[in-house]
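Keep in mind that the numbers below use all heavy atoms, side chains included, and drop hydrogens, waters and symmetry copies.
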Amino acid sequence: MVYPIRGVWLSGHPRPEPALADPDAILASNSSSYPARQFTDRAVLDLLLRVLPGYGIHPFEARRESTGFIFNRIWAAIKREALAVVAEGVSTPQEVDRMWQINSGSQAGPFRMMDKVGLDVVLDIEDHYAAERPELPAGPRELLHRYVDAGHLGVKSGRGFSDDYGTGG
């Protein structure tokens with residue numbers, strides 16, 4: 001799908017199309033799979049770091065090239081370890097979620113959050129990280145594959161690690 005972005009100074013579309021933008025527009029993306037240095041010069045980065053907090057958006061600068069936003073990489077490690085303890089039979093998704101809620105004060109645990117995003121999307125992200133880092137354990141991706149292959153994609157299919165989404169879960 002093509003989105004017109006003429007006349008805007010900043011586009012935050014997930015996949016901005018440079019040919020459709022004014023030459024002085026800042027093209028931002030919420031996709032962490034684009035290398036930042038490919039699109040951003042220092043002056044633009046400094047401007048965004050200074051201006052965006054005034055709009056309630058708080059960017060953090062990656063000090064070197066990185067696959068994934070800084071927070072997303074940290075979250076990926078937490079998510080991957082949660083998947084690993086379930087894949088190994090150490091705990092259940094519901095118990096891990098409850099532990100997370102009690103200890104972090106969060107309303108949802110990692111498995112509910114993955115269900116909300118979609119287990120197919122989570123698997124794609126994990127596959128992307130594993131392609132770059134083959135030393136990552138396979139167990140978490142194998143567990144996700146079992147759910148995705150069975151059509152249990154999370155909230156969007158009505159069932160994922162939890163199966164109560166039809167009742168407002």
Side-chain angles (χ1 to χ4, degrees), residues 1-85 93 96-133 135-137 140-141 144 153-156 160-162 165 168-169:
M1 178 173 268
V2 175
Y3 295 91
I5 55 175
R6 293 260 182 234
V8 300
W9 72 274
L10 172 66
S11 170
H13 188 270
R15 292 189 171 264
E17 180 55 54
L20 301 176
D22 291 334
D24 61 345
I26 298 172
L27 302 180
S29 173
N30 66 359
S31 172
S32 58
S33 51
Y34 293 116
R37 68 171 172 250
Q38 178 180 349
F39 298 103
T40 308
D41 69 30
R42 184 78 240 172
V44 170
L45 184 58
D46 289 340
L47 172 71
L48 294 174
L49 288 168
R50 187 178 70 253
V51 171
L52 289 179
Y55 294 93
I57 300 168
H58 301 278
F60 291 87
E61 181 179 355
R63 304 291 187 240
R64 56 179 292 211
E65 201 59 54
S66 173
T67 296
F69 295 124
I70 300 164
F71 181 83
N72 291 11
R73 285 190 56 189
I74 294 166
W75 170 243
I78 293 166
K79 176 184 61 183
R80 196 173 302 118
E81 195 60 26
L83 288 162
V85 298
V96 170
D97 277 356
R98 189 66 187 129
M99 285 180 238
W100 185 266
Q101 289 174 288
I102 291 167
N103 289 292
S104 73
S106 176
Q107 291 183 13
F111 288 93
R112 286 277 185 183
M113 288 188 257
M114 286 186 272
D115 276 353
K116 184 175 180 183
V117 169
L119 301 185
D120 53 334
V121 174
V122 174
L123 178 58
D124 284 345
I125 292 166
E126 285 302 307
D127 283 342
H128 182 76
Y129 279 121
E132 270 196 22
R133 298 176 55 206
E135 73 277 5
L136 291 175
R141 291 186 312 282
L144 286 166
L153 306 179
V155 173
K156 63 183 163 187
F161 290 111
S162 294
Y165 296 111

Fill in: Min side-chain heavy-atom separation Tyr129-Arg73 under 4.5 Å
yes
Worksheet item: Below 4.5 Å, heavy atoms only, C-beta onward: do Gln107 and Arg112 meet side chain to side chain?
Response: no
Response to the item:
In short, Gly109 meets Gln101 closest at the heavy-atom pair N-CG, 4.1 Å
Worksheet item: Just by distance, do the side chain of Asp97 and the backbone of Phe111 share a donor-acceptor pair under 3.5 Å?
Response: yes
Discussion item. Side chains of Pro53 and Pro59, heavy atoms from C-beta outward: is any pair under 4.5 Å?
Written reply: yes
Worksheet entry | Salt bridge present between Arg42 and Asp46 (N-O < 4.0 angstrom) | yes
Discussion item. Is any side-chain heavy atom of Ile78 closer than 4.5 Å to one of Trp100?
Written reply: yes
Practice prompt. Could you grab the distance from atom CG of Leu45 to atom CD of Glu61, nearest 0.5 Å is fine?
Written response: 4.5 Å
Worksheet item: Less than 4.5 Å apart, any side-chain heavy atom of Val117 and any of Met113?
Response: no
Practice prompt. Would you indicate whether Lys116, at its atom NZ, is surrounded by more than 12 heavy atoms from other residues, nucleotides or ligands within a distance under 6.0 Å?
Written response: no
Worksheet entry | Value rounded to 0.5 Å, distance of CG in Leu123 from CE in Met114 | 11.5 Å
Response to the item:
All heavy atoms of Leu144 vs all of Phe161, minimum pair found to be CD2-CZ, 4.1 Å
Worksheet item: So, for Leu119 and Gly160, which heavy atoms are closest and what is the spacing to 0.1 Å?
Response: CD1-CA, 4.0 Å
Worksheet item: Nearest heavy-atom pair of Leu83 and Pro140: which atoms, and what distance?
Response: CB-CB, 3.6 Å
Item to complete: Going by the side-chain contact (heavy atoms from CB on, under 4.5 Å) test, name the single residue among Val122, Val121, Asp120, Asp115 that passes it with Leu153.
Response: Asp120
